[in-house]
**Q** 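One structure coming up, written as structure tokens, with questions to follow.
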Amino acid sequence: MTRSSPASSGPWTPRIVAFFCNWCTYTAADLAGVSRMKHASNARIIRLMCSGRVDPQFVIDALTKGADGVLIGGCHPNDCHYAEGNYKCLRRFQMLKRMVADLGIEPDRLRLEWISAAEGEKVKRVVNEMTETLTALGPLGIPEKFHEWDREMEHFAQRVAAQEAASGASGCAEHAPQPRTPEPAHA
Amino acid sequence: MPKPKVAFYWCASCGGCEETVVDLAEDILGVVEKVDIVLWPVAMDFKYKDLEAMPDKSIVATLLNGAIRSTEQEEMAHLLRRKSRYVIAYGACAHLGGIAGLANQFPREQILKFNYEDAPSVVNEQKTRPQLSFAHNGHNPTLPALHHVVRALDQVVDVDYYVPGCPPTPKITSAAVTALLENRLPPKGSVIAPDIALCDECPRKASKPTNVSFTHFKRPHQMLMDPEKCFLAQGVVCMGPSTRSGCEAACTCGGMPCTGCFGPTSRVRDQGLKIMSSLCANVAPKEEADINKVLEGIPDPVGTFYRYGLAKSLVRRKVTLPVK
């Protein structure tokens, strides 16, 4: 999920990964579609059999691959096709929100909604609201952060490459001195 | 036939991994007989320049423990990679970032300020901090710089094998060394420990309920724990279900729950999220407020679930932290 260049995609808009359960919320999204309801096109919907199938790894994987927010949709309490799946999802979600907050990600980037198969209107409202919330929060940009973090490792590779060029390929690299212009790190 | 050359090196670590090598006890004599140790800073006197003078790939294996935190550690990791046929990440810090990886929750400045100024035992009125270079008698000695991000070894160089644990047990250490000496190596990238969860070898397994249900979470100091019953059945957070076995359940046999030092099994991408998922899904209440009351029993989820694995987790580090 790489971000396309601004030139081709226009101004930034949020990217939402939505995990919808097969029995309620996905059907509701389908209903919204056949009812020709217009809503923000920012959500990429992934259909799962149950909100209880939403592994927290899926949510964080989406964020670390470039999503700005994750929406989970499941059946209303007591209506889960598998009896308990939505409760399992709710319990994980409560802890996941605390964990992402501790890791510097705004908990509002995650949203869990109960949407029954009849509530096409609610899909529309929730997707629109979430798009607004994320637009206000701005891009999350974790892949860019990974790239930025790993730049601190680049100076070494450059130094080795320079030495090898100087010493003629495969000779042993000398125990190299610190970079000439060290960052004023520990000042 | 010359003996195979082996190197031991340490990076951001506590020294416990080095201790395990010594804990091989009499077995270490057998190892020392069969190999030629060419670098082991904690125990023997070698110079980095001796290492640099060796031909590339002339060391059979380097066992490197500790996370990569400074420019010196980064450089040594690259140098040892170049000189060695096999690089083995030895111990939880090299494997997953380890305890050192928990520093990925805090800015570097906060860590330096605490350690050089604010810690209760520090006497440093001038607030002196280590400098990267300084002039002394016409020389210009340098010190390594601290990276902003703590990394596991495989986030810096290519790693052939992993020996897990904090520290690895003598048993898995000798299994790894024997596999190496007898050239019975598993596929590259393997973690040299059984690929099954700790519960499999835990003596408390029989008392693990089929349906775990948590009405509270308690930490070990908050209760008197039953010495034989599954920790999960007692409402104590135990990382066993999402942690690789191989330690012979050292902690659970010793009366403490697993904290996850062997890392995940091969099917799990993110150990912390996986155990969180498993434990939280089995909280008993169904209402949000009641659920949260139970979850309050885990006051520090990142420190609990990512005790050893933060650097290798999906997020790696608190995302708002600076790198400048």
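Since the model is a prediction, treat every value here as computed from it, not as a measurement.
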**Q** Can you name the closest pair of heavy atoms from A:L90 and B:E288 and give their distance?
**A** CD1-OE1, 4.2 Å

**Q** So for B:V294, is it side chain, backbone, both, or neither that comes closer than 4.5 Å to the heavy atoms of chain A?
**A** neither

**Q** Going by side chain to side chain contact (heavy atoms under 4.5 Å, CB included), A:E152 matches just one of B:E74, B:H148, B:K324. Which one?
**A** B:H148

**Q** Of the options A:V100, A:L63, A:I60, which is the one that meets B:V315 in a side chain to side chain contact (heavy atoms under 4.5 Å, CB included)?
**A** A:I60

**Q** Relative to chain A, which segment of B:E296 carries a heavy atom at a distance below 4.5 Å: side chain, backbone, both, or neither?
**A** backbone

**Q** Around atom CD of B:E125, are there more than 12 heavy atoms of other residues, nucleotides or ligands at under 6.0 Å?
**A** no

**Q** Do you know which of B:Q155, B:R269, B:E287, B:R316 has the most heavy-atom pairs under 4.5 Å to chain A?
**A** B:R316

**Q** Is it true that, when you exclude B:K293 itself, more than 12 heavy atoms of the residues, nucleotides or ligands shown sit nearer than 6.0 Å to its NZ?
**A** no

**Q** Considering only heavy atoms, which portion of B:D270 lies under 4.5 Å from any heavy atom of chain A: side chain, backbone, both, or neither?
**A** both

**Q** Do you know which of B:V283, B:L321, B:I68, B:L310 has the most heavy-atom pairs under 4.5 Å to chain A?
**A** B:V283

**Q** Mark yes when over 12 heavy atoms from residues, nucleotides or ligands other than A:Y82 sit less than 6.0 Å from its OH; otherwise mark no.
**A** yes

**Q** When only pairs under 4.5 Å are counted, which of B:N104, B:V156, B:I298, B:N282 shares the most heavy-atom pairs with chain A?
**A** B:I298

**Q** Most heavy-atom pairs under 4.5 angstrom with chain B, which of A:P56, A:C89, A:G52?
**A** A:P56

**Q** A:A28: which residues meet the side-chain contact (heavy atoms from CB on, under 4.5 Å) condition with it, sequence neighbours left out?
**A** A:I115, A:V123

**Q** Does a sphere of radius 6.0 Å around OH in A:Y26 hold more than 12 heavy atoms from other residues, nucleotides or ligands, not counting ones at 6.0 Å or beyond?
**A** no

**Q** At a heavy-atom separation under 4.5 Å, does B:F305 approach chain A through its side chain, its backbone, both, or neither?
**A** side chain

**Q** Are side-chain heavy atoms of B:K286 and A:P77 found at a separation under 4.5 Å?
**A** no

**Q** What closest approach, in Å, do A:Q57 and B:L314 show between heavy atoms, and which atom pair accounts for it?
**A** O-CD1, 3.8 Å

**Q** Check each atom of B:P285 against the heavy atoms of chain A and say whether the ones under 4.5 Å are side chain, backbone, both or neither.
**A** backbone

**Q** Most heavy-atom pairs under 4.5 angstrom with chain B, which of A:I142, A:V54, A:D55?
**A** A:D55

**Q** Return the minimal non-hydrogen interatomic distance between A:W149 and B:V319, and the atom names on each side.
**A** CZ2-CA, 3.9 Å

**Q** Apply side-chain contact (heavy atoms from CB on, under 4.5 Å) to B:V149 and A:D150, showing your working.
**A** CA-CA 8 Å; B:V149 183; A:D150 286 338; 5.8 Å; no

**Q** Can you check whether A:R98 reaches B:L295 side chain to side chain, under 4.5 Å on heavy atoms?
**A** yes

**Q** Is it the case that atom CZ in B:R267 sees more than 12 heavy atoms from other parts of the structure closer than 6.0 Å?
**A** yes

**Q** Looking at B:R151, B:H78, B:Q105, B:K274, which makes the most heavy-atom pairs under 4.5 Å with chain A?
**A** B:R151

**Q** Which heavy atom of B:P301 sits nearest to which heavy atom of A:M99, and what is that distance?
**A** CB-CG, 3.5 Å

**Q** Are the side chain of A:R92 and the backbone of B:C280 linked by a donor-acceptor contact shorter than 3.5 Å?
**A** no

**Q** Between A:K88, A:R91, A:E84, which shows the greatest number of heavy-atom pairs under 4.5 Å with chain B?
**A** A:R91

